[in-house]
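Read through the structure below, which is laid out as structure tokens, and then see the notes.
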Protein chains: 2
Amino acid sequence: MQDSVALADATAKRPRGRPRKTIDERDDGNRRQALLAAAARLFRQKGFAATTTRDIAAAAGMQSGSPFYHFKSKQVLLFAVMEEGMRAALARQRATMQASAHADLAPKTQLRKLVEAHFEVLLGPGNDFVPVMLYEWRSLQPRQRKSLALLVAEYEGLWVPVLTALHASHHLRAPVALARLLILGALNWSVQWFDPKKSASVQDLSDAAMALFLPP
Amino acid sequence: MQDSVALADATAKRPRGRPRKTIDERDDGNRRQALLAAAARLFRQKGFAATTTRDIAAAAGMQSGSPFYHFKSKQVLLFAVMEEGMRAALARQRATMQASAHADLAPKTQLRKLVEAHFEVLLGPGNDFVPVMLYEWRSLQPRQRKSLALLVAEYEGLWVPVLTALHASHHLRAPVALARLLILGALNWSVQWFDPKKSASVQDLSDAAMALFLPP
DNA sequence: CCTACCGATCGGTAGG
DNA sequence: CCTACCGATCGGTAGG
């Protein structure tokens, strides 16, 4: 019975039949993650409706029916992509803010950190998850939208204290609520035109954004 | 071309496409325009791929096969929607700039006019054509994309002299090319969150944008 | 512009 | 996770 440790060939062991909740987490997560990554890339490139589950399966090296072993529907897969993107973005931005607080950075510098991290989340290599969320919001079902909106509100909430401080010190003249929407819009739009093969780097973009939004 | 200033009604004169068809232009343009408007609304609301030609036909009060009497394919209909949107936007913005030049307005005021007109084009009632272009660019065929890119470049070109002047006078600190992308991004993103039923008006948005981008 | 229709594709499932 | 398959839908067309 010591063969419960038999992990030499992890691919050999595969829970037959019942899709219970207690599946080999390591292996299943592997394939599931491959599907998520493939879906994110394709959803971003062609859009949700124009991407077939067959496309996604093929990109993950599976047969056409297999994605449905991991996700109940295409719709659920879309949601999973977005949720994964938002959780990662949120974790990253929280870490950024904590570091800022520890270093006691000025609000201006804090904003710079937020902007930089935001650009990274949007434009970094393989970061297709958040862009999918930005451009497929309308493809969600109302219930999914409501659920994700909580994460989005949390993410945007991280910007508010910084913007409020900058507004109080007259560095930011627009009302905070509209400033937040306009600033995030300026950044989010970059996924439409940013080309990593061309010159501008995330640093350049952050410089330009800061110069645009804040006086010297 | 000076009479094209009367652009509020872009539906009037229509020298489009193949001049071989000698159908009653007025009536044909009528139905064709109904299809364009319905398609614009649905493409914006649900996306190109998720909208069926049957949806569009029904919204225009037609039977399922009838759109193909006016447009060779769904793809061509998409292009027609975007082209119509860009031509109207371009005409409007050109008129704005001519008025600015006549009144000898300061660059700052000129930018304000551009921003205002841009918001109107995006957020005005029934203005679904340009938003479709902004969010369905990836649904175009390469050839269509190339053709529309000319109009887009022309539109964005109108902003350059104004931004360059503001940069020269140190009112705009970011490099002009990036500033243009970031500013238009901030404005374009408004189609995602703007709600005409809520408080902020196009005037409020324009005020906030100007306050954000330019020092007092 | 309508009626009637077709071929292809797609999301999803049964059963192993 | 694969094989084999189904029902529904969709873009588009022929002919009037």
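Every chain is numbered from 1 and lettered A, B, ... according to where its sequence line falls, protein lines coming before strand lines.
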Just how far is it from atom CG of N188(B) to atom NE2 of H118(B), taken to the nearest 0.5 Å?
-> 4.0 Å
Per-nucleotide protein contact string for nucleotides 10-16 of chain D (B base, S sugar-phosphate only, - none; heavy atom under 4.0 Å) = BBBB---
To the nearest Å, how far apart are R31(B) CZ and dC1(C) P?
-> 5 Å
Measure from CD on Q63(B) to P on dC2(C) and round the result to the nearest Å.
-> 5 Å
Just how far is it from atom CG of L212(B) to atom CG of L181(A), taken to the nearest 0.5 Å?
-> 11.0 Å
Report, as yes or no, whether the 6.0 Å neighbourhood of atom NZ on K113(B) holds more than 12 heavy atoms from other residues, nucleotides or ligands.
-> no
Salt bridge present between K74(B) and E136(B) (N-O < 4.0 angstrom) | no
Criterion side-chain contact (heavy atoms from CB on, under 4.5 Å) on K72(B) and F68(B), from CA distance to verdict | CA-CA 5 Å; K72(B) 200 194 164 199; F68(B) 299 98; over 6 Å; no
Between E154(A) and Q93(A): side-chain donor-acceptor atoms closer than 3.5 Å = no
Roughly how far, to the nearest 0.5 Å, is CZ of R94(A) from OH of Y155(A)?
-> 11.5 Å
Work out how much the helix from dC1(C)-dG16(D) to dG16(C)-dC1(D) bends between its end axes, five pairs an end, to the nearest 10 degrees.
-> 10°
From CZ of F71(B) across to P of dC1(C) the rounded distance in Å is 11 Å
Determine the interplanar angle of the W189(A) and Y135(B) rings, folded into 0 to 90°, and report it as parallel if under 30°, tilted if 30 to 60°, perpendicular if over 60°.
-> perpendicular
